[in-house]
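In what follows, a single structure is set out as C-alpha cells and then discussed.
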Amino acid sequence: MLWSKLFIPTLRESPAEAEVVSHQLLLRAGYIRQLGAGIYNYLYLAQRSLLKIQQIVREEMNAIGAQEFLLPALNPAEVWQESGRYEAMGDNMFRLKDRFGRQLCLGMTHEEVMTVIARGEVRSYKQLPQIWYQIQTKFRDEPRPKSGLLRVRQFIMKDSYSFDLAPAGLDESYEKHRVAYCRIFDRCGLQYVAVEAHSGAMGGSQSQEFMVATDAGEDYVVVCKETGYAANLEKAVSRPVPPSAADAEGDLSPEEVHTPNQKSIDEVSAFLQVPATSIIKSLVLIADGKPVVALMRGDHQLSETKFQSALGCAEFRPAFPEEMRSLMGAEAGSLGPVGLSGVTIIADLALQGRRNMVAGANKDDYHLLNVTPGEDFAAAYHDLRQVTEGDTELETGAPLQILKTMEIGHIFKLGYKYSHSMGLNVLDQNGVETPVIMGSYGIGIERVLCGVVELYADANGISMPVSIAPFEAVVTPVKASDPALAGAAQQVYQELKQLGVDVLYDDRDLSPGVKFKDADLVGIPYRVVIGKKLPQGIVELAERRTGAKSEVPLAEVARLVAGKVSAAKQ
RNA sequence: CGGGGCGUGGCUCAGCCUGGUAGAGCGCCUGGUUCGGGACCAGGAGGCCGGUGGUUCGAAUCCACUCGCCCCGACCA
C-alpha cells in the first residue's frame, strides 16, 4: 500500500469533543470519525484493525469447536416478548415499526434468536453440545453515549451461546470459552484481568468479566496480587480494617445523648469523640415498596448490589425525608435501629459481635450510646459492605487493590432461563423431555481496540501490538523525491510484501518529521527508514513500542522485520 | 431525564459583554527553495457564524424557541 493513495486523515490537534485518550487518538490518527452521539464511522485503519481482531476471535472460537453464524440485527418483537425481555430491556432497546405497523426491534444480544433456532431443530441429546457464535452489530439505546468508542449505541460484538444437556456440560462449554478468551486477549496484546462478576437478577450461577485496567473505564474491580483473587466491586468480598477503638465491655444500656446539629457520621464522631468505626450508620431504603433499615459500620459503604441480592428485591431507592419522619420519627442524621417495629432491619456482618456502639436515637438531635446489636435490636446479618481501599483479602488478609477498568468480555452461565421461557427441550437418553442448559459469552470488538489504545498510548500517539496493528511495518524514505532513496525503499517494501508482512510504503513527498510523526501517531510497530547511510548499504529500523533504533544492512532488513513480525504474532 | 458547557472555513480557537456586515494559527491549492522528528518564501481558494422566529435602519453579537454535540449525575439484561 502506498500511503499517498490512502485515506488516513491524521489531525495535528485533538478535536474538542474527545475526552478520553482512546477517543482522542483514534480521531487524531484517522481511524474513526463521529457520525452522531454514540455512532461512529470506522475508516480504513480502524477497519483493518477490527478485522484482525475479529479474525483472532474467529480462529480461537473455531478452535473450541464453535460454529459461526450470522443472524439478523432486525428482530420481530414477538421473539423478545416470549422471553420477557421486550419489556425488561425498556428504553435500552431500539424499537421500530414496519410499513404495516408490525413491531420490530434491533438486537441488543441474540439469546432469543439463537434459542428459536435451537428449539426448532435440536430435538435429541445426541445433537448436543453445540456452540454457536456470530460477530454482529448490536444496538443499544444508551441513555448517555460517551467516551468515544467505549460507550456507543451501535457496536460490534462477538456473541456465542452454548447448549448442553446437563450442568456438567455447561461447565465444560464455559471453561472452553474462558480459555479461548484468554488466548484471544493474549493474542490481541491486551493486559487484562478476569474477575468474578455479579450474575444479575437474570438467574445464572456463574459469570466472569474480562477487564482492562484504564482510567477511561467505568467499572471497579478488586484484585489481590498475592492470592490471585479478583472480583467485580459489585460482588467483591473482603476483610474490613479493624475498628480503630475497642468496644467498651459490659452489658450497658442505651443512653440518650444530645447531639445538636450533628448529622453526618463525621460530625457525630467528632462531637462525641468516638471513632466512625464505633458508630452504626442507619440507612432507610424502600425496597419493592417496603421500608428497610440497613445498618453499616460508620466508615463503611453500602453495596447496592449486595443489598439487592440480600433482600431479593427487584428495585429499591433511598427513602424520602417524609417517609423517614413518619417511619422513624426523626430525620436523617438521627436515625437508628433501637425501638423500631414493623420495619425489616438488616445489618452488615461487620456489626456482628460488636458492643456498645453509637446509633441515632430516632429523635432529632439525639443519639444513643451503648447500643449493642443483638441485644438492643434484632437484625438479619448479611454482607452488605462495599469493599474499600485498605481492606484485605477475606481468607488470608493479603492486601487488596481496587482498579478502574473497562469490560471487554463477559462469560456467563445462563442456565435454563431461555429454555424455560421459550421452550427449548430435547429428549434425553431415557426419552424424557429435558430443558437445555445454556451459556452466553460476549466480546466487545471495538473495546478490544480501545483497550490496546488506552493501554499503550504515549506522547507520540498509538502504539499498536503487531497482531492487530492496521499495518505491521512502514517503509519511509527520508526524501521521497530522491531516486536512490525511493528505489531502495521500493525494494524493501516489495521484499516485505513478499515475506507476507502487512507493509505500508510512505511515498509521500513530505519532510521526514511529518512522516515519522504520522507513523508514530497511527501506531505502526516497525518503521524502516531509508536515509543518509544508504550509500553504505545501511538503513534504520525503529520499533514503535520501545523507541529502539538500530542500523541494519539494507539487504537484511526485510527478513529481520518479517522475523520480528512473525515472532510477535507467536 | 436533572445540572453544566459548547456550536464561527477541514481542525483548534478569537470576535459576542458594549450590534455597523468575519479574523488568527494549523491544514488545503499553485510555484519555488528545502529534506533525519509536524520546514521556508510568494501567491491563492475556502465561512448563508447550527436552525427558525423576533427586536433593530442594521444581528455572529440582543431576545425567544429549536436542533446537535460534549461533560457530571440518574441509568447501564
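Sequence lines set the chain letters: A, B, ... in the order given, protein chains first and strands last, and positions in each chain run from 1. Note that this is a predicted model, so its numbers are computed, not measured.
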Legend entry - Nucleic acid contacts of residues 527-540 of chain A, taken as heavy-atom distances under 4.0 Å to RNA chain B: R527(A), V529(A), G531(A), K532(A), E540(A)
Considering only distance and modelled atom types, tabulate donor-acceptor pairs under 3.5 Å from the side chains of residues 305-312 of chain A, sequence neighbours left out.
{"residue": "K306(A)", "atom": "NZ", "partner": "A236(A)", "partner atom": "O", "Å": "2.6"}
{"residue": "K306(A)", "atom": "NZ", "partner": "D383(A)", "partner atom": "OD2", "Å": "3.0"}
{"residue": "K306(A)", "atom": "NZ", "partner": "R385(A)", "partner atom": "O", "Å": "2.8"}
{"residue": "Q308(A)", "atom": "NE2", "partner": "C313(A)", "partner atom": "O", "Å": "3.4"}
{"residue": "Q308(A)", "atom": "NE2", "partner": "A314(A)", "partner atom": "O", "Å": "2.8"}
{"residue": "S309(A)", "atom": "OG", "partner": "T305(A)", "partner atom": "O", "Å": "2.9"}
{"residue": "S309(A)", "atom": "OG", "partner": "K306(A)", "partner atom": "O", "Å": "3.4"}

Inset, instruction - Identify, with sequence neighbours excluded, every residue that meets ring pair (Phe, Tyr, Trp, His ring centres under 6.0 Å) alongside F471(A). - result: none
Legend entry - Side-chain-base donor-acceptor pair under 3.5 Å for S14(A) and C11(B): no
Inset, instruction - Could you tell me whether D482(A) contacts a base, only the sugar-phosphate backbone, or nothing, with contacts defined as non-hydrogen atoms closer than 4.0 Å? - result: nothing
Expected rows: protein N/O vs nucleotides 24-27 of chain B N/O, under 3.5 Å:
{"residue": "G25(B)", "atom": "N2", "partner": "E13(A)", "partner atom": "OE1", "Å": "3.3"}
{"residue": "C26(B)", "atom": "O2'", "partner": "R12(A)", "partner atom": "NE", "Å": "3.4"}
{"residue": "G27(B)", "atom": "OP1", "partner": "R12(A)", "partner atom": "NH2", "Å": "3.2"}

Inset, instruction - Find the partner of A39(B): check Watson-Crick (N1-N3 plus N6-O4 or O6-N4) and G-U wobble (N1-O2, O6-N3) distances, both under 3.5 Å, and reply none if neither fits. - result: U33(B)
Legend entry - Rounded P spacing from A74(B) to A14(B) in Å: 31 Å
Inset, instruction - Please name all residues satisfying ring pair (Phe, Tyr, Trp, His ring centres under 6.0 Å) with Y161(A), sequence neighbours left out, ordered by chain then number. - result: none
Legend entry - Those residues that, when tested against Q130(A), pass side chain to side chain donor-acceptor pair (under 3.5 Å) (two or more places apart): Q67(A), W132(A)
Legend entry - Results of salt bridge (charged side-chain N to carboxylate O under 4.0 Å, His left out) for K532(A) - residues two or more places apart only: none
Legend entry - Results of ring pair (Phe, Tyr, Trp, His ring centres under 6.0 Å) for H110(A) - residues two or more places apart only: none
Inset, instruction - When you get a sec, tell me which of G37(B), A77(B), U12(B) is the closest nucleotide to the side chain of P15(A)? - result: U12(B)
Inset, instruction - Check side chain to side chain donor-acceptor pair (under 3.5 Å) between D458(A) and all other residues, then give those that pass, not counting sequence neighbours. - result: R544(A)
Between the protein and nucleotides 5-7 of chain B, which nitrogen or oxygen pairs are less than 3.5 angstrom apart?
none

Which atom pairs, one a donor and one an acceptor, fall under 3.5 Å between side chains of residues 4-11 of chain A and the rest of the protein, sequence neighbours left out?
{"residue": "S4(A)", "atom": "OG", "partner": "D507(A)", "partner atom": "OD1", "Å": "3.1"}
{"residue": "S4(A)", "atom": "OG", "partner": "D507(A)", "partner atom": "OD2", "Å": "2.6"}
{"residue": "T10(A)", "atom": "OG1", "partner": "D518(A)", "partner atom": "OD1", "Å": "3.0"}

Inset, instruction - Would you please name every residue forming a salt bridge (charged side-chain N to carboxylate O under 4.0 Å, His left out) with E142(A), sequence neighbours left out? - result: R151(A)
